[in-house]
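Atom set for the values below is all heavy atoms of this structure, side chains included, hydrogens, waters and symmetry mates excluded.
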Amino acid sequence: MMTAVNAPAPAVAGGKERPWIFHAADNVWSALQGLLPLIALLLLWQMLGDSRSPYFPPPSTWAAALIDRTNSGDLIPAVLVTLQSVAAALILATSLGVGIGGLIGASPALARCLGPTLEFLRTLPPPTIVPVAALIIGVNETMKLFVIVFAALWPVLLNTTLGVRSLHPTLLEAARSLQLGVVARMTKIFLPALLPSILTGVRVAAPLAIIVSLLAEMLTLMPGLGALLLMAQRNFNAAEVFGLLTVVGSFGFILNAALAAFESWALMPQGRT
Amino acid sequence: MRSMLRRAGGALNLSALATALVLLVAWEVGVRAAATRFEFLPAPTEIGQTLYGAIRSGQIIGDAVHTVACALAGWAIASMLGAAIGFALAFSPTVHRFFNTSLELLRPLPAVAFVPVAVLLFGFTVYTEITVIVFASVWPVIVNTVAGARAIHPRLLDTAATLHLSRTQRLGRLVLPAVLPSTIVGARVSLGLALVVAVIAEMVGNPAGLGWGLVAAQEALQPGLMFGYLVATGALGVLLNACLRLTFARLFPGIREIQQ
Amino acid sequence: MTIQPAFQCERLCIDLPGAPGVRRIIEDLDLEVGRGQFVSILGGSGTGKTTLLRALAGLTSHSSGRAVYEGREVRSPVPGMAMVFQDYAHALLMWRTVRRNVALGVEGRLRNGELDQKVQNAIRMVGLERFRDEYPWRLSGGMQQRVQIARALAMEPSALLMDEPFGALDAMTKASLQDQLLAVQAETGATVLFVTHDIEEAIYLSNTIILLKGSPAHIARRITVDLPRPRDQIVTKELPEYLRLRHQLFEAFRHEIHA
C-alpha cells in the first residue's frame with residue numbers, strides 16, 4: 001500500500017548498466033558526426049578559397065579579422081554592450097509582461113478594456129518600431145531599451161496571461177483556505193505556479209530581443225555588434241562580416257543555451273522538465 | 001498565439017473602444033498642447049491625413065506591393081525548401097545523423113545579421129531581400145515537418161504493415177498525408193515571419209518597399225508619413241494573415257489545426 | 001448549560017450564478033454539528049453537498065440565513081478550520097517537497113523548532129515519514145492525498161472539512177485512508193465534515209449522516225450511526241446494524257439509482 005508508484009527513478013533504466021563514460025563518448029561522437037558537413041565545408045572553403053576574394057574569403061581570414069578587431073579594442077566592448085542591452089531589456093520586459101499579463105489574466109474587465117488595444121500594438125512588427133523610436137525619442141540608450149522591450153514584451157505578457165487563466169481553481173481555493181496573506185499567495189503560490197509559462201515566454205522573447213537590438217545598432221550606428229557588422233559591410237570587409245556573423249551566431253546560441261539551462265534548473269522541482 | 005488577447009477580450013466591445021478612444025484623444029490633446037517632450041511626435045489626426053494622402057498618391061500602395069511580392073516569393077521558396085529538408089531529415093537516418101547538428105547550429109543565427117552577408121554577395125538588390133527572407137522563414141517549415149513525422153503514431157505504421165503496402169505506397173498513402181498538416185502549419189507561421197523579415201531587409205539591405213519607406217521618412221524628418229508607414233505595415237500583416245487563414249482553411253478542409 | 005455546537009446553520013440559503021441566471025442551490029437549511037463529531041454529508045451528484053461544505057468553509061458566500069462556526073459568522077476562511085479538496089494534484093504545490101507542502105499553512109507563524117515539530121507530527125499521523133523530502137509528483141495518488149491531509153493537520157484544526165477526499169482513489173487505497181482518518185480523528189478530537197456520495201463510506205466513518213435531497217436541496221433525513229469504535233473494515237461491515245443502515249440508505253436512494 002505504501003509504495004511510491006513513481007518513486008525516485010532508478011538511474012539506469014533496463015537491465016544493462018554501462019559506465020556513463022560510454023554514453024558521454026557516444027554523445028560526443030554523434031555530435032561530431034552531425035557537425036561533419038559543416039566542418040567539411042569550412043575546410044574545403046579554407047583550401048580552395050582565395051584569401052583576397054571580395055566575396056568568399058576563407059575561414060582563416062575571418063579569424064584574423066576578428067583578432068584585428070579584438071586588438072583594436074572594438075569587438076569585446078561591442079559584444080558586452082549588446083549583451084547588456086539585451087539582458088536589461090529582457091529583465092524589464094519580463095517584469096512588465098508578468099505584471100500586466102498577471103493583471104489581465106486575473107481581471108476579465110481589464111482584459112475587455114485593454115485587450116484589443118494591446119492586440120493592435122502587438123500586430124506592429126517590432127523592427128518597424130526602431131526608426132519611429134529613433135525619430136521620436138532620439139538616438140540614445142533609452143530608445144534602444146524601449147524598442148527591445150517592445151519586441152520582447154509580448155511573448156512574456158501572452159504566456160503569463162494564459163498561465164494565470166490556466167491556474168487550477170483548486171489551487172486558488174487551497175491558498176484561500178490556508179489563509180495565506182496577499183504577499184505569501186504571490187510569492188509562494190502564484191509566481192512558482194506561473195514560472196513555467198513565464199520562462200516559456202522569455203525563451204521566445206530572447207531571439208526577438210537580439211534581432212531588434214542588432215537592427216537598432218545597424219540603423220542608428222549606436223555601439224554594439226550590429227554597428228560593427230554594418231561598418232564591416234560598408235567597408236566591403238567580407239572576412240570581418242563572416243567573422244562577426246559567427247560571433248553573432250554564438251551569441252544567440254549561448255544566450256539560448258543559458259536560458260534553457262536556467263529553465264531546466266528552475267523547473268526541476270516541479271517535475272516538468 | 002496572435003489571437004489570444006483578442007479572444008481574451010472578446011470581440012470588439014464598448015469598453016475596449018472607449019479605452020482606445022480615450023488613449024487616442026489623450027495623445028491628440030497632448031501633442032496639440034505641446035505637453036509631451038517629443039518634438040517629432042505627430043498627432044493622430046495628422047497621421048491619418050498623411051496616410052490618406054500617401055495612399056491616394058499611390059506611394060504606400062506601390063511600396064506595399066513590393067514588400068508583399070518579395071515576402072510571398074521568399075515564402076514560397078522557403079516552404080518548398082523547408083519541406084524537402086524536413087522530409088529528408090525525418091525519413092533518412094543518414095541525413096539526420098550528418099546534418100541535424102549543423103542545421104541546429106545555423107538556426108539561431110539572427111536574420112538581421114545575415115543581411116550584411118547577403119548585401120556583400122548580391123549588393124543592395126531584391127536578391128538580397130529574398131535570400132534573407134528564405135533563410136529566416138525556412139526554419140518553422142523544417143521544424144514542424146520533422147515534429148510531424150515524429151508524431152506519427154506507431155499504430156499507423158502497424159496498419160500499413162497489416163495492409164501489406166509497399167514502401168512507396170506506405171509513403172504516399174500514409175506517411176506523406178500524415179506529415180503534410182504539420183508542414184502546412186509551419187508554412188503558415190513562416191508567412192508572418194517572411195513579411196517581418198522583408199521589412200527588416202528593406203531597412204538595411206534592399207532600399208525599396210515599406211521598410212525603406214519607413215526609414216526614408218525617418219531620415220527626411222517626416223514623422224506623419226513615418227507613422228503612416230507604421231500603421232500600413234501593421235494593417236498589412238493583419239490582412240495577410242487573415243487572407244492566409246481563409247485560403248488555407250479552404251484549401252485544406254481536412255487539417256484540424258487550420259480550421260479554427 | 002448547553003454546549004455550544006461547532007457548526008450551526010439557520011435558514012441557510014445559497015444561490016449560485018448559472019447559465020440561465022441565478023440558481024438556488026440550498027434553501028432554508030438548518031443544521032447543528034457538535035464538537036468532535038464525524039458528520040457525513042451524503043447525496044446524489046449535483047445536490048449541493050459540496051456547495052454546503054464550501055459555504056461552511058467560507059469559500060462560497062451564502063445569500064441569506066446564518067452559517068456559524070464556534071459562535072462566529074462565517075464569511076471567509078476562518079482560523080481553526082482546514083479544508084481538504086478532492087483533486088489533490090491541483091491542491092498541492094508540485095514544486096515543494098512533502099515537508100514544505102505540509103508547512104505551507106503554518107510557516108511564518110511559528111518559530112523554526114516549533115514549526116518542524118508540528119510538521120513532523122502531521123507527517124507521522126498520515127504515515128509519510130519516509131517520503132517527507134520527496135516531491136508530490138513522484139508519489140501515488142493515495143500518498144498525495146495523505147500529504148494534503150497532513151497539510152490540514154499541521155494547522156491543528158479543530159474542524160476538518162473534506163470534499164470527497166477519497167473520491168478519486170482506488171478501493172484498496174480508499175479503505176486504508178479511511179482507517180487512517182479515523183485514527184487521526186481519535187487522536188486529535190477534531191470535528192469532521194465529510195462530503196461523499198459513497199453510502200458505505202459514510203456509514204463506516206460517521207457518527208451522523210445528513211442526507212441532502214431535492215433542488216434546491218434540503219436535509220431529507222438525519223441518521224445517527226451507532227456502531228462501536230474503533231471500527232474495522234471487516235468486522236464493522238458485517239454487523240447487523242451496519243447492514244441495516246446500508247439497506248435503509250440504499251432504499252432512500254433507490255429512485256436515484258434506478259433513474
- request: Identify the heavy atoms of A:Asn256 and A:Arg203 that sit nearest to each other, and give their distance.
  value: OD1-NE, 3.3 Å

query: So which of C:Val84, C:Thr97, C:Asp87 has the biggest tally of heavy-atom pairs under 4.5 Å with chain A?
result: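 Of C:Val84, C:Thr97, C:Asp87, C:Asp87 has the most heavy-atom pairs under 4.5 Å with chain A.
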
- request: Measure distances from A:Leu195 to the heavy atoms of chain C and classify the residue's part below 4.5 Å as side chain, backbone, both or neither.
  value: neither

Taking side chain as everything from C-beta outward and backbone as N, CA, C, O, which of these in [X] sits under 4.5 Å from a heavy atom of chain A? Side chain, backbone, both or neither.
X	result
C:Leu59	both
C:Ala91	both
C:Leu161	neither
C:Val78	backbone
C:Pro79	both

query: Is the number of heavy atoms from other residues, nucleotides or ligands under 6.0 Å of C:Arg111 CZ greater than 12?
result: no

task: Tell me, yes or no, whether the heavy-atom count around C:Arg124 atom CZ, taken from other residues, nucleotides or ligands under 6.0 Å, exceeds 12.
output: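 Buried by this count: over 12 neighbours within 6.0 Å.
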
query: Got a donor-acceptor contact below 3.5 angstrom from the C:Gln178 side chain to the C:Leu205 backbone?
result: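 It does not hold such a pair.
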
query: Pick one: which of C:Val68, C:Leu193, C:Val33 meets side chain to side chain contact (heavy atoms under 4.5 Å, CB included) with C:Leu56?
result: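 Of the listed residues C:Val68, C:Leu193, C:Val33, the side chain to side chain contact (heavy atoms under 4.5 Å, CB included) partner of C:Leu56 is C:Leu193.
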
field: Residue that, paired with C:Phe38, satisfies side chain to side chain contact (heavy atoms under 4.5 Å, CB included) out of C:Thr191, C:Val192, C:Leu160
entry: C:Val192

